[in-house]
Amino acid sequence: MSLAAIACAVYFWWPSDERVVKNRLRGLADTLSIPAQDSDVGRVTRFAQLRRYVADEVEIRSGTADPQSISREAVLAAIGSWTPPPGGLAIEFVDVQVTMAADAASAKVYLTAKISGHDARTGEPTVDAREARLRMVKRNGEWIVASVETTDTLERPPS
Amino acid sequence: MTHFILGRNPRLTLIRASALIVSAIVLFGFVLLPVRLHGISMLPTYSDGGLNFANRAAYWWREPARGDAVAIRMAGEHVVYVKRIVGLPRERIAIIAGVVLVNDEPLVEPAVVYKAPWNVPAFTLGNGDYFLIGDNRAMAAQNHDFGTTTRARVVGKMLF
């Protein structure tokens, strides 16, 4: 019985790059989340942390649009200029699937980003979700985001 | 106390409890996917905050049909869309002033109470593609997630 428990513990907690990437993504989701009572200090701290998750140049692609290469500073500026909804929002990455490259220096990630917040007018809780594919690379021992591609689960017909 | 929990025949009680646990694991792990509904896009059929189940077994022996309310997977099944199937593979779909046309015939949709004047130019679905919309057509089209998806993304039919 105890042998089975040890085997389970080893299986679930054995260190692996895949587990490190998933933990890193949990940290990124926490950093992107905005608490209900946000302060200037909190915002600055989050920005400083966010810098550690993003590559110098990030390739961003939304739906079927052409990919764009954007600098880390531009990404941070875009996030900084965005006005968060009152009551904050919580970001969670679920159904995270990590595929490591053969050299273990990069990884492809497929996930659903779940965004929980409150409606600005009614105050009712809202939940939104988007599928995303990320490419993460290992730089100086840290996993950082090198590309982000959002996918439409339901593809709008041509208008 | 032990006698009270396990009953007069502890062995039989344990077998029953094990059977119950295994049944629950099979039922909720492979057949019914619990779904907590968020949002208003399926009003009035499903209201915000309601609990339902996606029945995977519904499509083990038949393909999804028009009018089925279904769960659509995203990266996995922890977050799903719930929408109604409006168009089937290879059908020609259009929406004119809120009325859905399937192969140029107006579609009767008993679940839709009010239709805002949405317009979508005609297009033809590919093999294995389905066209889905929520029941709440009173909302503006740009605020409503609808569109085409593939058979592989259809998790199951909503149970009730």
Side-chain angles (χ1 to χ4, degrees), chain A residues 18 21-22 25-26 28-29 33 61-65 85 87 89-99 107-136 145 147-159, chain B residues 33 35-41 43 47-49 70-87 91-96 100-102 118-126 128-134 139 141-150 152-155:
Chain A
E18 186 183 325
V21 168
K22 285 184 175 178
L25 286 167
R26 265 191 289 275
L28 175 60
S33 298
R61 183 176 187 178
S62 178
T64 53
L89 57 85
I91 293 178
E92 190 185 353
F93 297 141
V94 295
D95 293 321
V96 179
Q97 296 155 46
V98 179
T99 309
K108 288 180 181 174
V109 180
Y110 180 35
L111 54 80
T112 302
K114 184 179 167 190
I115 305 135
S116 310
H118 293 84
D119 187 276
R121 283 188 299 116
T122 63
E124 292 284 315
T126 59
V127 178
D128 198 4
R130 293 284 288 176
E131 277 177 64
R133 291 176 195 276
L134 276 61
R135 193 171 72 84
M136 298 188 72
V145 178
S147 77
V148 180
E149 179 187 345
T150 59
T151 312
D152 293 326
T153 307
L154 295 173
E155 195 181 318
R156 286 257 174 165
S159 54
Chain B
L33 174 73
V35 176
R36 171 73 69 188
L37 295 144
H38 290 284
I40 58 169
S41 75
L43 283 173
S47 52
D48 186 26
V70 295
I72 304 296
R73 68 190 287 278
M74 302 185 87
E77 295 181 354
H78 283 95
V79 180
V80 294
Y81 273 118
V82 175
K83 301 286 172 189
R84 195 173 296 280
I85 294 176
V86 165
E91 286 184 335
R92 184 178 156 84
I93 305 292
I95 304 177
I96 297 175
V100 176
L101 302 178
V102 177
W118 295 11
N119 288 294
V120 172
F123 66 98
T124 303
L125 291 165
D129 285 353
Y130 291 82
F131 187 62
L132 302 105
I133 321 180
M139 59 197 293
Q142 63 266 29
N143 297 334
H144 190 118
D145 283 325
F146 69 95
T148 307
T149 196
T150 57
R153 283 186 179 270
V154 180
V155 176

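Chain identifiers are assigned alphabetically (A, B, ...) following the order of the sequence lines, protein sequences preceding nucleic acid strands; residue numbering begins at 1 within each chain.
Across all their heavy atoms, T153(A) and R73(B) have their closest contact at CG2-O, 3.5 Å. Contact detail for G147(B) and P157(A): the closest heavy-atom pair is CA-CD, 4.3 Å. Between V79(B) and A129(A) the shortest heavy-atom distance is CG1-CB, 3.6 Å. Shortest non-hydrogen contact noted between Y110(A) and M74(B) is OH-O, 3.7 Å. Scanning both residues, L154(A) and T149(B), for their nearest heavy atoms gives CD2-CB, 3.9 Å.
The part of Q97(A) that comes within reach of chain B is its side chain, from C-beta onward, which places non-hydrogen atoms under 4.5 angstrom from that chain. Interface remark: F123(B) contributes side-chain atoms only to the contact with chain A (heavy atom separation under 4.5 Å). Looking at R133(A), neither its backbone nor its side chain comes within 4.5 Å of chain B, counting heavy atoms on both sides. Contacts between Y130(B) and chain A at a heavy-atom distance below 4.5 Å are absent for every atom of the residue.
Here the CD atom belonging to E124(A) is positioned 12.0 Å from the NE2 atom belonging to H38(B), to the nearest 0.5 angstrom. To the nearest 0.5 Å, atom OG1 of residue T148(B) and atom CG of residue D152(A) are 11.0 Å apart.
Interface remark: of the candidates G39(B), P121(B), G49(B), P121(B) forms the most heavy-atom pairs closer than 4.5 Å to chain A.
The environment of E155(A) atom CD is sparse: at most 12 non-hydrogen atoms of other residues, nucleotides or ligands sit within 6.0 angstrom. At most 12 heavy atoms of other shown residues, nucleotides or ligands fall within 6.0 angstrom of atom NE2 in H78(B).
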